[in-house]
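These notes concern the structure reproduced below.
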Amino acid sequence: MELDEVIAAMTPEVYQRLATAVETGKWADGVALTPEQKENSLQLVMLWQARHNDEPMHMSVGKGGEMVMKSKKQLKEEFGIEDDVTPIRLQ
């Protein structure tokens, strides 16, 4: 099977399972990924994101294959953090 066919056949559920496995280093049943499995799974996750990720998060791959890095201001807006909040410094 060609790589394009593999990515086209991946459902969002399969993508999420692979993404979670890459993030945690374990399959859903708790078995650790081998280095080769982690490398291959990460590549599949990134390829899937490059084709389907319409709303990329910070440090992920957006549709079209570009790495998305959001500014501090954009992240604050996404998380509802206001700029006029006074930081409290503990001594």
Side-chain angles (χ1 to χ4, degrees):
M1 184 179 264
E2 293 290 321
L3 187 57
D4 287 334
E5 293 171 334
V6 172
I7 300 303
M10 279 178 62
T11 64
E13 292 79 19
V14 170
Y15 159 76
Q16 191 57 55
R17 287 182 187 181
L18 287 172
T20 300
V22 169
E23 290 171 4
T24 63
K26 299 177 187 174
W27 295 112
D29 62 2
V31 176
L33 274 73
T34 65
E36 184 179 16
Q37 288 173 329
K38 189 167 187 172
E39 181 180 335
N40 292 335
S41 296
L42 179 57
Q43 289 178 11
L44 287 171
V45 166
M46 293 174 72
L47 286 168
W48 191 92
Q49 287 179 345
R51 296 187 184 168
H52 302 286
N53 197 2
D54 292 321
E55 296 180 22
M57 296 189 304
H58 179 62
M59 296 298 290
S60 68
V61 178
K63 196 169 184 178
E66 292 189 31
M67 186 71 165
V68 175
M69 293 185 284
K70 296 185 179 184
S71 68
K72 191 173 182 180
K73 182 178 179 180
Q74 289 172 312
L75 291 170
K76 281 183 173 183
E77 288 173 0
E78 281 187 22
F79 290 108
I81 299 171
E82 297 178 20
D83 283 336
D84 63 346
V85 174
T86 305
I88 299 174
R89 298 179 192 255
L90 302 175
Q91 297 191 12

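Residues: numbered from 1 along the sequence shown.
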Could you give the side-chain donor-acceptor pairs of residues 21-28 under 3.5 Å, partners two or more places apart or in another chain?
residue	atom	partner	partner atom	Å
T24	OG1	T20	O	2.9
T24	OG1	K26	N	3.2
T24	OG1	K26	O	3.2
W27	NE1	Q37	OE1	3.4

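- To the nearest 0.5 Å, atom CD of residue E5 and atom CG of residue L3 are 9.5 Å apart.
- Across every non-hydrogen atom of W48 and T11, the tightest pair is NE1-O, 4.4 Å.
- The line from CG of L18 to CG of N40 is 10.0 Å long, rounded to the nearest 0.5 Å.
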